[in-house]
Every structure is written in structure tokens, then in C-alpha cells.
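Here is the structure we will look at, set down as C-alpha cells.
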Amino acid sequence: MSLSIRNQIPGTVTAVTPGEVMATVKVRLDGGQELTAAITLEAVEDLGLAEGSAVRAMMKSTEVALATGPVEGLSIRNQLPGTVSDIATGGAMATVKVVVDGGELTSAITKDAVADLGLTAGSPVVALIKSTEVSLATG
């Protein structure tokens with residue numbers, strides 16, 4: 001199956017915490033970072049997720065925010081440090097490629113945000129991704 005979601009990083013499930021309808025799934029990415037996905041309990045069951053399951057963590061580029069350093073006092077649990085490898089700027093928007101341990105992410109942000117943050121190739125950044133915006137795939 002081909003997907004339009006370019007952000008796909010392999011990892012291994014380290015914990016599943018079920019709730020009434022939703023579950024949180026902790027994933028250790030192949031680069032060593034921890035990532036949390038909040039998905040439906042039905043999806044956990046359909047995918048057969050358990051500790052040790054191999055998965056791909058996926059997120060749309062529009063759901064990857066960037067900061068110039070770690071952010072405290074924020075509900076976003078997923079903060080992946082990385083380095084900007086490329087920036088493609090359009091009229092209003094830009095795509096920023098970020099190399100993280102074990103993979104690469106693309107972030108779609110405004111051209112103004114790129115300028116305000118002073119981003120260039122080589123800039124250190126932190127990718128911020130809400131756990132509700134992380135999808136998991138197996139196989």
C-alpha cells in the first residue's frame with residue numbers, strides 16, 4: 001500500500017496503556033527516541049499491538065511543529081531533537097526536512113515561521129508532535 005504520509009519512522013512498542021475507548025502506545029523509535037501515540041483501543045486490537053510489536057510511527061507534515069529548542073510547560077509529549085537538512089519555500093508555506101536519529105521528518109510550516117525562527121540547513125530544532133496526531137502501522 002502506498003501512502004501520502006511521508007513521515008514514517010520505524011520502532012518497537014514498549015508499552016500499551018488501554019483506556020475506555022482510547023489507548024496510549026509508547027514506541028521506542030529505531031534511533032532510540034521515545035514517542036507516544038494516542039489511538040483507539042479498537043485499532044490496538046485490530047493491529048494486535050503489544051510490547052515488542054514492530055511498528056511504523058506516521059504523522060502528516062502539517063502536524064509536525066518546530067521549535068529552536070526543547071519546550072517546557074507544554075502538553076505535547078513528543079519532542080524529537082534533530083537538525084534541519086533542507087528547506088523548500090513557496091509563496092506562503094515551506095517544507096522543512098529534519099534529520100532525527102533513525103529517520104527524517106518533514107514539517108509543513110509557514111514561510112514566516114521559517115524566517116522568525118531563523119531556520120537554515122544545519123539549524124538544530126525540536127520536532128513537536130501531539131500524541132493524537134501519531135498513527136501506527138504494522139507489517
Side-chain angles (χ1 to χ4, degrees):
M1 172 191 328
S2 295
L3 297 173
S4 64
I5 296 176
R6 295 289 164 241
N7 293 325
Q8 300 186 29
I9 301 179
T12 304
V13 173
T14 58
V16 178
T17 306
E20 295 285 324
V21 175
M22 299 290 289
T24 57
V25 180
K26 300 261 188 210
V27 176
R28 180 176 307 280
L29 301 177
D30 284 1
Q33 316 92 317
E34 293 288 330
L35 191 74
T36 300
I39 62 176
T40 65
L41 195 54
E42 182 179 6
V44 169
E45 294 165 358
D46 288 350
L47 294 171
L49 297 181
E51 189 174 329
S53 297
V55 295
R56 280 176 290 129
M58 302 184 299
M59 64 284 313
K60 292 173 59 175
S61 60
T62 53
E63 300 303 332
V64 178
L66 298 177
T68 55
V71 182
E72 293 184 26
L74 191 65
S75 66
I76 297 175
R77 297 290 119 210
N78 298 317
Q79 298 193 27
L80 304 178
T83 304
V84 173
S85 62
D86 187 50
I87 301 171
T89 306
M93 297 294 292
T95 56
V96 181
K97 294 199 181 292
V98 178
V99 175
V100 299
D101 287 344
E104 182 178 71
L105 293 172
T106 299
S107 174
I109 60 176
T110 64
K111 186 170 90 169
D112 290 345
V114 170
D116 289 349
L117 295 174
L119 299 181
T120 60
S123 295
V125 292
V126 176
L128 307 167
I129 310 144
K130 292 178 64 172
S131 59
T132 52
E133 300 303 331
V134 177
S135 297
L136 298 176
T138 57

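Leu49 and Leu136 make their closest contact through CD1-CD1, 3.9 Å (heavy atoms, listed as atom of the first residue, atom of the second, distance). For the residue pair Gly118 and Ser123, the shortest heavy atom distance occurs at O-OG, 3.8 Å. Taking both residues in full, the closest heavy atoms of Leu29 and Ala57 are given as CD2-CB, 4.2 Å, listed atom of the first, atom of the second, then distance. The two residues Thr138 and Ala54 have their closest heavy-atom pair at CG2-O, 3.9 Å. Closest of all the heavy-atom pairs between Pro18 and Leu41 is CB-CD1, 3.6 Å. The shortest heavy-atom contact between Leu119 and Ile87 is O-CD1, 3.4 Å.
Proximity of Leu80 to Val98: side-chain heavy atoms (C-beta onward) are nowhere separated by under 4.5 Å. In this structure, the side chains of Thr106 and Val64 stay at 4.5 Å or more apart for every pair of heavy atoms. Counting heavy atoms from C-beta outward, Ile129 and Asn7 have side chains that stay 4.5 Å or more apart.
The side-chain contact (heavy atoms from CB on, under 4.5 Å) search around Ala67 returns Val71, Leu128, not counting sequence neighbours.
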* For Ile9 and Gln33, what are the C-alpha separation, side-chain angles and deciding distance, and is it a side chain to side chain contact (heavy atoms under 4.5 Å, CB included)? -> CA-CA 11 Å; Ile9 301 179; Gln33 316 92 317; 6.0 Å; no
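Remark: of the listed residues Thr36, Thr12, Thr14, Thr36 is the sole one forming a side-chain hydrogen bond (donor to acceptor under 3.5 Å, both in side chains) with Lys26.
Cluster annotation: Val96 is connected to Leu117 through the hydrophobic network of ILVMFWY side chains, with a link wherever side-chain heavy atoms come within less than 4.5 Å. Hydrophobic clustering (ILVMFWY, side-chain heavy atoms < 4.5 Å, transitive): Val16 and Val134 are in one cluster. Both Val84 and Val100 belong to a single network of hydrophobic side chains, linked directly or stepwise wherever heavy atoms of I, L, V, M, F, W or Y lie under 4.5 Å apart.
Atom CD of Gln8 sits about 9.5 Å away from atom CE of Met59, to the nearest 0.5 Å. A distance of 9.0 Å separates OG of Ser53 from CG of Leu47, quoted to the nearest 0.5 Å. Atom OG of Ser131 and atom CE of Met22 lie 8.0 Å apart (nearest 0.5 Å). Atom CG of Asp30 is separated from atom CG of Asp101 by 11.0 Å, given to the nearest 0.5 angstrom. Rounding to the nearest 0.5 Å gives a distance of 10.5 Å between CZ of Arg28 and CD of Glu51. In this structure, the separation between CD1 on Ile109 and CE on Met93 is 8.0 Å, given to the nearest 0.5 Å.
Side chain of Glu104 to backbone of Lys97: no donor-acceptor contact under 3.5 angstrom is found.
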